[in-house]
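Naming: A, B, ... by sequence-line order, numbering from 1 per chain. Scope of the values below: all heavy atoms of this structure, side chains included, with no hydrogens, waters or symmetry mates.
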Amino acid sequence: MPEVLEVEYFRRVADRTVGRTIARVRAPDEWFVKRTDPAALGVLVGCRVTGTRRRGKLLMIDTDGPVLGLRFGMTGRLLVDGFAPIERLEYASARYEPEWFRFGLDFAEGGRLDLVDPRRLGGVELDPDPDRLGPDVMTIGAAGLRDVLAGSTAPLKARLLDQDRLAGLGNLLVDEILWRAGLDPARPAGGLDPSELARLHRHLRATLARLLEKGGSNKGDLQGQRRRDGECPRCGTPLERRTIGGRTTFSCPTHQR
DNA sequence: CCGGATGTTCACCT
DNA sequence: GAGGTGAACATCCG
C-alpha cells in the first residue's frame with residue numbers, strides 16, 4: 001500500500017466525515033470485501049461516523065455501529081468529497097477509471113468517501129482486529145523496537161516489514177531508514193547491540209517525521225537511486241541490489257554494516 | 001514483449 | 001515453529 005505515512009494522510013482526510021451519517025454503501029466488487037459477508041455492509045446505513053484511527057497501514061472508520069476497516073494495497077487511494085491527499089502513487093496512474101472505485105460511502109449530509117484501487121490489492125472489512133498487527137511504527141518506543149527484534153534470526157529488514165510484529169513500514173521506508181541508520185538489511189534482526197538499537201530507533205523516528213512533512217514514503221534520499229546503477233547519495237558507492245524479505249532491497253555496501 | 005512495482009495471503013518447502 | 005519462495009490479484013511504466 002501506500003505505507004504508514006500515506007495511510008496517515010488518508011486518515012486525516014477521512015476525518016472530514018466525522019459527524020456525518022452513512023446513507024448508502026457502494027460495494028460493487030465482492031472480492032474487495034474481506035472476512036465479511038458483503039450483504040452485512042448494509043448495517044452501516046444509518047450509522048454516524050464518530051472518529052478515525054490508524055494502526056500501521058490499517059485505516060479504521062469508527063461509527064456508532066460497526067468499525068469500517070480500509071486497506072489500500074499498493075495502489076489504493078482515498079477520496080473524500082472528491083479530494084485526494086495523494087494524487088498519484090509511484091506505480092499507479094493519476095487516472096480514476098470508474099471500475100477502479102472498489103468501495104464507497106455516500107453521506108446523508110452530502111459528500112462521499114471513495115476507495116480507488118486499480119490493482120485491487122486493498123480491501124474493506126467490518127470490525128477488523130487491530131491486535132492482529134504489531135505496535136504502530138509511528139509511536140513505538142526504543143524498548144518496543146528492541147522487543148520486535150529480540151531473538152530473531154530473520155534478516156533485520158524482513159523483521160521490520162513483518163506487520164504482525166511492527167505495523168506500518170513498507171519497502172521504501174524500511175530501505176530508507178536502514179540506509180540512514182547505516183545498518184545492513186541482511187543482518188540478523190536479533191544481533192544488534194544496544195548502541196545500534198538506539199541508532200535504529202532514532203533514525204526510525206526521524207525518518208518518519210521528516211518524510212511525513214516532505215510528502216510521503218517516496219520522498220526519501222534513497223528514492224532516486226532505487227534502480228540498477230543507483231549510487232549511494234552519501235558516498236557515491238554503487239548500491240547493492242538484493243532480494244531480502246521477498247522484496248527488492250537497495251543498500252550501500254560501504255556504510256551499511 | 002517483459003520485468004518489476006509503496007502489499008497481503010496462502011500453499012508449499014527446508 | 002521459524003523462515004524462505006513463489007503465486008495470485010491488476011495495471012502501469014520503462
message: Is A:Arg159 close enough to C:dG3 that one of its side-chain N or O atoms is under 4.0 Å from OP1 or OP2 there?
response: yes

task: Report yes if at least one side-chain N or O of A:Lys57 is closer than 4.0 Å to OP1 or OP2 of B:dT8; otherwise report no.
output: yes

Nearest to the side chain of [X] - [options]?
X	options	answer
A:Arg35	B:dT9, C:dG3, B:dG4	B:dT9
A:Ala158	B:dT8, C:dG3, C:dG4	C:dG4
A:Ser152	C:dG3, B:dT9, C:dC9	C:dG3
A:Thr248	B:dT9, C:dC9, B:dA5	B:dA5
A:Pro155	B:dT8, B:dG4, C:dG3	C:dG3

message: Over all strands shown, is A:Thr153 touching base, sugar-phosphate only, or nothing at heavy-atom distances under 4.0 angstrom?
response: sugar-phosphate

- prompt: Contact class for A:Arg227 vs. all strands (heavy atom < 4.0 Å): base, sugar-phosphate, or nothing?
  reply: nothing

[X] [atom1] - [N] [atom2] separation (whole Å):
X	N	atom1	atom2	value
A:Arg228	B:dG4	CZ	P	6 Å
A:Ile244	C:dT5	CD1	C1'	15 Å
A:Asn171	B:dA5	CG	C1'	9 Å
A:Trp31	C:dA10	CH2	P	6 Å
A:Asn218	C:dC13	CG	P	15 Å
A:Arg120	B:dA5	CZ	P	23 Å
A:Asp175	B:dA5	CG	C1'	13 Å
A:Leu156	C:dA2	CG	C1'	17 Å

task: Is it possible for you to check whether A:Arg119 lies under 6.0 Å from the centre of the six-membered ring of A:Trp100, through NZ or CZ, and within 45° of that ring's axis?
output: no

- request: Write down the distance separating the P atoms in B:dT8 and C:dG1, rounded off to the nearest Å.
  value: 23 Å

query: Have A:Trp179 and A:His255 got a donor and an acceptor in their side chains that come within less than 3.5 Å?
result: yes

query: Will you find, in the side chains of A:Thr52 and A:Asp15, an N or O donor that is under 3.5 Å from an N or O acceptor?
result: yes

field: Distance in Å, A:Asp117 CG paired with A:Leu78 CG, rounded so as to fall on 0.5 Å steps
entry: 11.5 Å

- prompt: Does any nucleotide pair with C:dA2 by Watson-Crick or G-U wobble geometry, both distances under 3.5 Å, and what is it?
  reply: B:dT14

- prompt: Is a donor-acceptor pair below 3.5 Å formed from side chain A:Arg119 to base C:dA10, judging by atom type as modelled?
  reply: yes

task: Take atom CG of A:Asp229 as the centre, draw a 6.0 Å sphere, and report whether it contains more than 12 heavy atoms from other residues, nucleotides or ligands.
output: no

